[in-house]
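Reckoned from all heavy atoms, side chains included, excluding hydrogens, waters and symmetry mates. Model, not experiment: these values are computed from the prediction. We name chains A, B, ... by the order of the sequence lines, and we start the count at 1 in each one.
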2 protein chains.
Amino acid sequence: MKRGNSSHDAETAELLRRVGLRLTGSRRYVLEALLQSGHPLSHQELLGRRDSLRFDRVTIYRALLALKRKGLVHDVKGTDGIRRFGAHPTDLPHCPGNHAHFLCRRCGRMFCLTESPLPWVEVPAGTTVEGKQMVVYGLCPQCARREND
Amino acid sequence: MKRGNSSHDAETAELLRRVGLRLTGSRRYVLEALLQSGHPLSHQELLGRRDSLRFDRVTIYRALLALKRKGLVHDVKGTDGIRRFGAHPTDLPHCPGNHAHFLCRRCGRMFCLTESPLPWVEVPAGTTVEGKQMVVYGLCPQCARREND
DNA sequence: TTCTACTTGCAATTGAGTTGCAAAAGCATT
DNA sequence: AATGCTTTTGCAACTCAATTGCAAGTAGAA
């Protein structure tokens with residue numbers, strides 16, 4: 001399977017192998033893209049990239065689910081209802097995604113606020129907590145500047 | 001317009017008037033339901049209630065948007081992608097909804113964790129924060145018990 | 001009661017995400 | 001490098017939350 005000659009190419013292969021996933025083009029592409037990108041990406045954004053190699057929409061979804069299932073990426077459902085997936089080289093291979101995320105309501109980009117770990121939350125007795133996510137929304141610096149013109 | 005004879009009937013009318021919304025059946029019904037319910041409700045749940053008076057789906061959506069716009073209710077997009085709306089008598093009329101929410105992945109009910117105010121979050125310089133939400137998910141006490149049978 | 005702006009109901013549409021299935025590809029083995 | 005088994009892919013169809021346009025209906029003020 002043809003693939004890009006990017007800097008993370010060997011790294012993605014190693015990561016996929018380590019978690020027991022077959023090395024397929026879509027998984028390499030998706031993990032590669034998430035590692036390169038400085039911020040979490042939505043399914044739509046992954047499809048839009050020039051180097052997406054025209055993988056089918058469904059294939060991208062399934063690649064994301066596989067990576068998520070193996071813990072290579074974390075995901076957040078934004079206030080806009082769109083799920084975005086992120087991978088951080090420093091977090092891998094046990095990327096917890098245990099931090100807040102910022103979502104710009106104008107450009108739709110999401111950023112990991114890795115400096116803000118999620119707080120402990122008190123829940124009623126008997127409750128089982130499986131996970132948590134926090135989304136901060138508003139305008140990113142660039143969009144905030146444009147909004148004031 | 002016919003309406004229920006519930007305990008909050010006068011309260012809803014007063015609240016709607018105070019924020020400058022016309023007193024219509026759907027708004028009374030929705031606000032009433034949210035006040036009575038101990039937890040935030042989705043559009044679907046609002047439609048399903050016996051006393052929903054068969055308002056149109058779209059009407060319920062628009063009533064929710066109007067209440068939200070006027071700050072009478074707060075809303076949260078769950079990890080399941082479904083938006084739920086909550087009103088708390090004690091919060092009104094400036095219900096901030098500034099607390100975490102718990103979402104049960106089994107029964108789909110959402111609860112306000114009013115004891116857990118959202119933490120301050122550090123964002124990059126220039127960022128405009130307009131709001132934030134936190135969703136904790138897992139199993140509620142009842143569902144956790146059933147899952148162990 | 002009348003007038004007008006706002007609200008409602010209906011039908012159609014959008015868009016994210018999922019499912020079933022036959023063809024194709026990964027990979028361990030020979 | 002051929003075999004065979006299992007997983008993955010592509011395609012089409014589908015589900016479901018949420019939105020939009022518009023004509024008919026209604027709340028509230030004059």
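Across the interface with DNA chain D, nearest-nucleotide mapping of A/Ile60 and B/Ile82 shows A/Ile60 to be the residue nearer the 5′ end. Along DNA chain C, the nucleotide closest to A/Leu65 and the one closest to B/Arg62 are compared, and the more 5′ of them pairs with B/Arg62.
A salt bridge is defined here as a Lys NZ or Arg NE, NH1 or NH2 lying under 4.0 Å from an Asp or Glu carboxylate O, and A/Arg84 with A/Asp75 fails to meet this definition.
Among the nucleotides D/dT8, D/dG10, C/dG17, the one closest to the side chain of A/Phe55 is D/dG10. Of all nucleotides listed (D/dT8, C/dT7, C/dA16), D/dT8 comes nearest to the side chain of A/Thr24. With C/dG17, C/dT7, D/dT8 as the choices, the nucleotide that has an atom nearest any side-chain atom of B/Leu21 turns out to be C/dT7. Nearest nucleotide to the A/Val58 side chain, out of D/dT6, C/dA12, D/dA12: D/dA12.
Atom CG in A/Leu47 sits about 11 Å away from atom P in D/dG10, given to the nearest Å. One atom, CZ of A/Arg17, and another, P of C/dC27, lie 8 Å apart when rounded to the nearest Å. Going from atom CG of B/Leu46 over to atom P of D/dA18 covers 11 Å, rounded to whole Å. Distance, A/Tyr61 OH to D/dT15 P: 17 Å, rounded to whole Å.
A donor-acceptor contact under 3.5 angstrom links the side chains of B/Arg109 and B/Gln142, judged on distance only.
Contact check, A/Thr59 against D/dG10: a side-chain N or O comes under 4.0 Å of OP1 or OP2. For A/Lys77 and C/dA16, the shortest distance from a side-chain N or O to OP1 or OP2 is not below 4.0 Å. Regarding contacts with the backbone of C/dG15, every side-chain N or O of A/Gln44 stays at 4.0 angstrom or more from both OP1 and OP2. Dashed line: the shortest gap from a side-chain N or O of A/Ser26 to OP1 or OP2 of D/dT9 is under 4.0 Å.
Separation of the B/His74 and B/Phe85 ring centroids does not fall under the 6.0 Å cut-off. For an aromatic pair to be called close, the ring centres must be under 6.0 Å apart, and B/His101 with B/His39 fails this.
The base of D/dA18 sits with one of its N or O atoms less than 3.5 Å from a complementary donor or acceptor on the side chain of B/Arg57. You'll find a donor-acceptor pair under 3.5 Å spanning the side chain of A/Arg22 and the base of D/dT6, going by distance alone.
Within the 3.5 Å criterion, the main-chain N or O of A/Pro119 finds a donor-acceptor partner in the side chain of A/Lys132.
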